[in-house]
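Report on the structure given below.
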Amino acid sequence: MTDLTSRPDAPTSAPARQVPDKVTVDGLEGRWDGAWTAAGAYSFDRSKERAQVYSIDTPPPTVSGSLHVGHVFSYTHTDVVARYRRMRGYEVFYPMGWDDNGLPTERRVQNYYGVRCDPSLPYDPDFTPPHQGTDGKAVKAGDQVPVSRRNFIELCERLSAEDEQQFEHLWRRLGLSVDWSMTYQTIGSTARAVSQRAFLRNLERGEAYQAEAPGLWDVTFQTAVAQAELEARDYPGAFHKVAFHRPDGEQVVIETTRPELLPACVALIAHPDDERYQHLFGTTVTSPLFGVELPVLAHPAAEPDKGAGIAMCCTFGDLTDVQWWRELRLPTRSVVGRDGRVLRDTPEWIASEDGRALYGEIAGKTTFSAREALVAALRESGDLLGEPVATQRKANFYEKGDKPLEIVTSRQWYIRNGGRDEDLRTALLGRGQELGFHPDFMRVRYDNWVGGLNGDWLVSRQRFFGVPFPVWYPLDEAGEPRYDAPITPDEAALPIDPTSDVPAGYTADQRGVPGGFVADPDVMDTWATSSLTPQIVCGWLDDPDLFARTFPMDLRPQGQDIIRTWLFSTVVRAHLENGSLPWTDAAISGWILDPDRKKMSKSKGNVVTPLGLLEEHGSDAVRYWAASARLGTDAAFEVGQMKIGRRLAIKVLNASKFVLSFGDPAEPVLTDPALVTETLDRAMLAGLAEVVATATAALESYDHTRALETTETFFWTFCDDYLELVKDRAYGAGAAAGDVPAATASARAALGIALDTLLRLFAPVLPFATEEVWSWWREGSVHRAPWPTAEPLRTAAGDADPGVVAGAGAALAALRKVKSEAKVSMRTPIEHAVLAVPPALRPAVEVALDDVRSAGRATGTLDLAEADGDAVVARDARLGEAVARS
RNA sequence: GGGCGAUUGGCUCAGUGGUAGAGCGCCUCGUUCACACCGAGGAGGUCACUGGUUCGAACCCAGUAUCGCCCACCA
């Protein structure tokens, strides 16, 4: 992990302050990224107190994957917030992490370097991987060289470093205002130490515990799976009617989709009120084929209308079985192993010779083959009634797996999350209430998830790569681990790897011998590390000073799909460890949908590379597209929207160039509010004041879309109407050379003040174009300039009515329309016209009449009359008549 | 089965009680003294459907349909 210290502040560099002849948005990204880095524009100043800091818990992208359009989309949302807050005067704590922990990285490192992790091996400091860069061509599992966990982690960090450079390049090009001196890796030593320390403290307080219990198990990855990683999928199956037998020969027929679990059956169960089975409760039946005597029991979880209404309870076919097994205190008769195959040893509870022979035939088979074999046997014995009926059932899958999960008994670590503890659940629901969700309705997902938890958080995984549990167990005289007496390391020694490090008081040669010790073999779930990102970035481990300035954080940006995982687990950890929320607000981004309204996916072949997008349209344009979509709302991938953004950025450059042509930016001609005397100019500033107020309020409530929309709408009116209206006046047309009439000075100052304000309003969304213009006439970076406030504008505007601009604009529009409908040039002079104006607009038009005249090229007479309706009507003797609404 | 969100002109989306909006696309015209990555103007919608509340509903209520997602459902 890179050191989290920030660079000292340096003044931003100031390129030559002059307006270029030709402007372009192309190439701004490289220039300004370089300048920002050189100037330390986004360096975090850690001398600021917590109240002055805005800290962001950025999602660390998975480096072994690739960034896609969705990342660009959501990270832009966050950057808009960061830039806004920075301009509001906050010191923004905005680090970037790289997620290189977990299965995707494990796989990639295996394939890339041709190695696999074997924690039993010692660390080899001189290890050189057999392959390198075999991208696309995976090294086959058999050819992979086993290496120690430490070597594996080193390779992971090495490979990640290459990916990180590419990612950083993209993020810089996109204009993320991250402090690039502050990055972390989720498998880095800080992250490992934080994960281990947090775990040890959970353990100390009794929040972490281990238990031997039946749990969901993926037979492909051979690891336990947590509730949050489940995915219910359709899975083809078949109902089999199977007859059990009473001593008197009567058949009891059940239906099952898993006949291969027949040898694991421990009871038949029906609902206590089910009339059909009353006479069976308390009696026994024997299972077909295996002849095992089984009780018939009553339990309310049995549903009379499912299948035959009476179920065979096996250890374990599903979670209901687990419930029955637990509540009815049934024996454990597992037959499916961790590899998904039927256990080799014939179980002792199968007594009959035929049964034992049959079991021998299915031993070692996959559940699929075992099912076929048993169905054949049932058919032969006559215990299969009718033929199996195909059905589409829902089965639980590990989200990364492709085989249904089995339930096996294993020893696992858990962290309490309210799933078994009402008080904790209530407290965590309370945290959800405290947290500001944006949009607010996303809170429901949190509530649903927390309310529906049915067990504690399973944090151990039977993988080799990951953050190891910092725990050893003493071995007794017989060499059996004493799980009830775990040995833990000193916090100062973290991170440790118990498979290579030796606990205090032991020597290395005592590993694995009776009376010695043994390492906990498991690693933590990746969420067990990811849930600590606030603690990792804020220096919880070893930088209490930084921690005090940044924690609890302000914002967690993330996707809606991981509210139940990342968001919730982070809340759990902070609640347990810090007694607070990890952040005050969560910004939830929506999905990017392709034109078919489907979630963008690689398989659709419509994946667009983000860098290509940025190169084609320009970063400001792509950011504009992203910023146009509200938080929590799915957005279409819309190239058209990017083109609009590009047009806006270009317009900003051109309009700025124009405004800045009216005076030396160093002089107060473009900045002094006292010069703004004309009513139209003051009205424009009054309107701008409203825009500032609206945009600010919107951004305060994480509604960047409204802020952008409000600003943009004003800007286009500013360009199309106001700028055109005051153009001639600003030029000083008609005045003697060297003489600047007050009306001219008024227009120029108003234009300059508006430009200054608009640039700052646009800066969070269009960081490159606005910075470019800022450099033409201002010191420093626009991104460190203060966010505009409405008050000075209101003061400059005085009592001017912002509606004046609209009124004058309507008058101008009417004159334009006359020309447009007459199909003549806009420069065609209007020689003799009448403007019929509604009474409400009359004062506005009167006050701006000279500007309307010059903008409309009304060189002759232009008389005012009263209009009947609420629209302005222009009548020209030569060109005709046109109606324009304001 | 429960929940959340969505449904507005060809497209992407604003619009939470008072006579339907924007941009894009389209059509017409114009222009190069900030901007052709330009400007002006225009056409285009019974606001998914059915009821209800209200003087008045895109908006509130009830229900229906379609789409997306989350949760539950594995005998």
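Chain A is the first sequence line, chain B the second, and so forth, proteins listed ahead of strands; every chain is numbered from 1. These values consider heavy atoms only, across backbone and side chains, with no hydrogens, waters or symmetry-generated copies.
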If the condition is salt bridge (Lys or Arg N to Asp or Glu O under 4.0 Å), which residues does [X] pass it with, not counting sequence neighbours?
X	value
A:D21	none
A:E387	A:R379
A:R875	A:E881

Would one find a side-chain N or O of A:K817 under 4.0 angstrom from OP1 or OP2 of B:G42? yes
Under 4.0 Å between a side-chain N/O of A:K22 and OP1 or OP2 of B:C37, yes or no? no
Nearest to side-chain heavy atoms of [X], which nucleotide of [options]:
X	options	value
A:V444	B:C74, B:G41, B:G3	B:G3
A:R646	B:A40, B:A14, B:C37	B:C37
A:N396	B:G5, B:G30, B:C74	B:C74
A:R706	B:G41, B:C74, B:G15	B:G15
A:E821	B:C74, B:C37, B:G42	B:G42

Residue whose closest nucleotide on RNA chain B lies nearer the 5' end, A:Q560 versus A:Q227: A:Q560
What pairs with A:P214 under side-chain contact (heavy atoms from CB on, under 4.5 Å), at least two apart in sequence or on another chain? A:F316, A:V322, A:W325, A:I407, A:T409
Does A:A814 have any side-chain contact (heavy atoms from CB on, under 4.5 Å) partners at least two apart in sequence or in another chain, and if so, which? A:L835, A:V872, A:A874, A:A884
Please write out the pairs of protein N or O atoms and N or O atoms of nucleotides 21-24 of chain B separated by less than 3.5 Å, giving the distance to one decimal.
residue, atom, partner, partner atom, Å
B:C24, OP1, A:R647, NH1, 3.0
B:C24, OP1, A:R647, NH2, 3.4

Cation-pi between A:K727 and A:F658: NZ/CZ under 6.0 Å from ring centre and within 45° of the ring axis? yes
Whole-Å distance separating the CG atom of A:D634 from the P atom of B:G68: 11 Å
